[in-house]
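Below is one structure, written out as structure tokens; comments come after it.
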There are 2 protein chains.
Amino acid sequence: MSTLTSLKTQERLLDRQAANSIREQIVNRIMPPGHRLLEAVLASELEVSRGTIRSALMQLSNEGLVRQVAFTKWEVAPASVSEAWELYTLRGALEGLAASLAAEYASPAERKVLTQVFAELEAAAKAEQREAAADADFKLHKTIVAMSGHKRLIRDHERIILQVRFQMTHIGFVPRDPKDLIDDHRALTEAVVGGDIERAEQLARTHNSAEIRRLLAANARPPSEAVRRQNKKGERE
Amino acid sequence: MSTLTSLKTQERLLDRQAANSIREQIVNRIMPPGHRLLEAVLASELEVSRGTIRSALMQLSNEGLVRQVAFTKWEVAPASVSEAWELYTLRGALEGLAASLAAEYASPAERKVLTQVFAELEAAAKAEQREAAADADFKLHKTIVAMSGHKRLIRDHERIILQVRFQMTHIGFVPRDPKDLIDDHRALTEAVVGGDIERAEQLARTHNSAEIRRLLAANARPPSEAVRRQNKKGERE
DNA sequence: CTATTGACGATTGTCGACTATCTTTCTATC
DNA sequence: GATAGAAAGATAGTCGACAATCGTCAATAG
């Protein structure tokens with residue numbers, strides 16, 4: 001990790017690099033939910049001091065990928081239906097706001113970009129390219145959020161999406177046939193591009209509500225009410 | 001700072017205590033927006049090491065009260081109309097979700113509590129007690145969010161509210177006559193308690209939209225469109 | 001046999017010293 | 001006098017050592 005002045009200032013910081021490295025291992029399933037993280041081990045593996053690892057773990061904790069039990073341990077965040085439920089509902093609220101702002105304020109150039117991104121999604125879906133379609137799906141939502149021009153929203157959304165992908169891979173989530181997604185996304189795209197604020201908000205917010213129900217059902221879990229109760233009891237931290 | 005086993009584990013940690021202390025000074029206007037924060041100074045004032053202060057500042061940075069310029073400085077977050085705009089819009093999205101979840105899932109006991117909290121607000125407002133009314137206002141919204149049983153939502157909302165209060169005190173925000181707030185809050189309370197999901201969502205989400213317009217107008221600033229453009233240019237960090 | 005207490009080992013929490021980077025100031029050159 | 005480069009000062013970034021805390025397990029009392 002020598003001094004590379006070509007990198008942005010942020011990326012030169014060792015704790016950021018360490019966080020990136022650990023984050024990568026978590027989202028790529030090398031470290032599964034509940035996996036214990038020892039500061040000393042990570043420090044020797046990444047060849048930095050324990051203090052630097054600590055800083056990295058705190059960042060990841062704020063991103064929701066890692067949990068800490070004070071004085072005791074760090075571990076990869078657990079994956080569960082209730083966690084996924086939280087993420088999907090929150091995502092809906094954020095994307096609803098983003099879509100309404102995008103529909104109201106985005107520039108013509110931005111609207112054109114969104115149309116193109118949708119075209120990519122449609123092409124990938126029709127070609128049955130699941131991987132590409134899933135990526136295009138995320139890209140479309142990310143584009144709308146970026147169009148909102150809302151810095152906090154963009155940052156928070158990025159974090160939520162990261163957690164969504166993490167949870168998805170561990171909950172046994174099976175994506176729908178990409179073709180089924182086209183209509184929803186077309187309607188959303190048209191609402192945003194056409195400046196229909198109310199409709200854009202509504203479509204984006206409820207975009208995944210079917211997904212949530214499907215998720216809860218597929219896992220033979222009690223409906224959301226029970227999930228909620230379970231949350232309330234949540235351990236003190 | 002001796003060993004006090006009476007405190008929760010969290011609160012015994014020096015970096016948390018330091019963060020609490022600094023946070024207090026920021027929200028109480030002892031440290032204004034833009035105020036420079038020197039690690040060494042804070043360390044000697046609070047009688048902890050620089051590393052501990054560093055950890056505290058990172059926490060506050062995640063809460064949005066402090067900003068960092070890598071390798072250079074820490075400072076109290078700036079207050080501006082665009083920042084306030086971001087916070088109000090985000091708050092609306094979060095409270096909209098919270099209200100819909102509360103309306104759908106809250107227990108009868110919780111609904112009863114909400115009714116009581118609204119009664120407190122109404123009493124304070126009618127008695128022209130501005131301070132008490134403002135507190136009751138926040139308390140009512142916080143209660144609804146708590147009723148959602150959504151852990152991430154509760155945490156994020158708490159952070160947003162903290163920032164809202166911080167911005168409010170520095171933007172020259174003049175609260176409305178408390179009496180004018182009663183009707184809105186009554187409608188919201190009734191929708192949540194009555195289980196009208198859609199209406200609760202709608203009312204909570206747009207609750208402050210008038211506030212946003214008033215804020216932008218009162219500061220003789222360009223309307224939200226211009227505010228948004230300003231955001232997009234935002235400095236790279 | 002069970003429950004309580006205490007010592008031990010493992011791990012996180014805190015500190016002070018050292019290093020890297022940025023900003024400012026000074027100086028030399030045109 | 002203006003400008004570019006170098007040196008100096010200030011400040012954040014990183015490290016290794018030491019302290020505090022927690023969980024475990026064995027010893028002991030009932």
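The sequence lines fix the lettering, A, B, ..., with proteins before strands; numbering per chain opens at 1.
- The CD1-P distance, from A:Ile53 to C:dT11, rounds to 15 Å in whole Å.
- Minimum atom distance to the side chain of A:Gln68 is reached by C:dG13, of the listed C:dT11, D:dT11, C:dG13.
- A search for side chain to side chain contact (heavy atoms under 4.5 Å, CB included) contacts involving A:Ser49 returns A:Thr52, not counting sequence neighbours.
- A straight line from CD of B:Glu75 to P of D:dA12 spans 11 Å, rounded to a whole angstrom.
- The distance from atom CG of A:Leu13 to atom P of D:dA12 is 13 Å, rounded to the nearest whole Å.
- By the salt bridge (Lys or Arg N to Asp or Glu O under 4.0 Å) test, B:Lys73 pairs with B:Glu75, sequence neighbours left out.
- The salt bridge (charged side-chain N to carboxylate O under 4.0 Å, His left out) pairs that include a residue from residues 28-41 of chain A are A:Glu39-A:Arg50, A:Glu39-A:Arg54, where partners are two or more places apart or lie in different chains.
- The ring pair (Phe, Tyr, Trp, His ring centres under 6.0 Å) test applied to A:His170 returns A:Phe166, not counting sequence neighbours.
- Across every non-hydrogen atom of A:Val81 and A:Ile171, the tightest pair is N-CD1, 3.7 Å.
- A straight line from CG of B:Leu37 to C1' of D:dA10 spans 16 Å, rounded to a whole angstrom.
- Across all strands, A:Arg16 comes closer than 4.0 Å to no nucleic acid atom at all (heavy-atom distances).
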Dump the pairs, protein N or O against N or O of nucleotides 15-17 of chain D, anything under 3.5 Å, distances to one decimal.
{"unit_1": "D:dC15", "atom_1": "OP2", "unit_2": "A:Ser49", "atom_2": "N", "d": "2.9"}
{"unit_1": "D:dC15", "atom_1": "OP2", "unit_2": "A:Ser49", "atom_2": "OG", "d": "3.3"}
{"unit_1": "D:dC15", "atom_1": "OP2", "unit_2": "A:Thr52", "atom_2": "OG1", "d": "2.7"}

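- Scanning for salt bridge (Lys or Arg N to Asp or Glu O under 4.0 Å) contacts around B:Arg152 gives A:Glu83, A:Glu86, with sequence neighbours left out.
- Atom CZ in A:Arg54 sits about 14 Å away from atom P in D:dT21, given to the nearest Å.
- To the nearest angstrom, P of D:dT21 lies 20 Å from NZ of A:Lys73.
- With sequence neighbours left out, the salt bridge (Lys or Arg N to Asp or Glu O under 4.0 Å) criterion links B:Arg91 to B:Glu95.
- Applying the ring pair (Phe, Tyr, Trp, His ring centres under 6.0 Å) criterion to A:His157, with sequence neighbours excluded, gives no partner residue.
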Short N/O separations, protein against nucleotides 22-26 of chain D, under 3.5 angstrom:
{"unit_1": "D:dC22", "atom_1": "O3'", "unit_2": "A:Thr72", "atom_2": "OG1", "d": "3.4"}

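- Counting to the nearest Å, the P atom of C:dT12 and the CZ atom of A:Arg67 are 17 Å from each other.
- Between the side chain of A:Ser21 and the main chain of A:Ala19, no donor-acceptor pair closer than 3.5 Å is present.
- As a whole-Å value, the separation of B:Leu42 CG from D:dT11 P is 12 Å.
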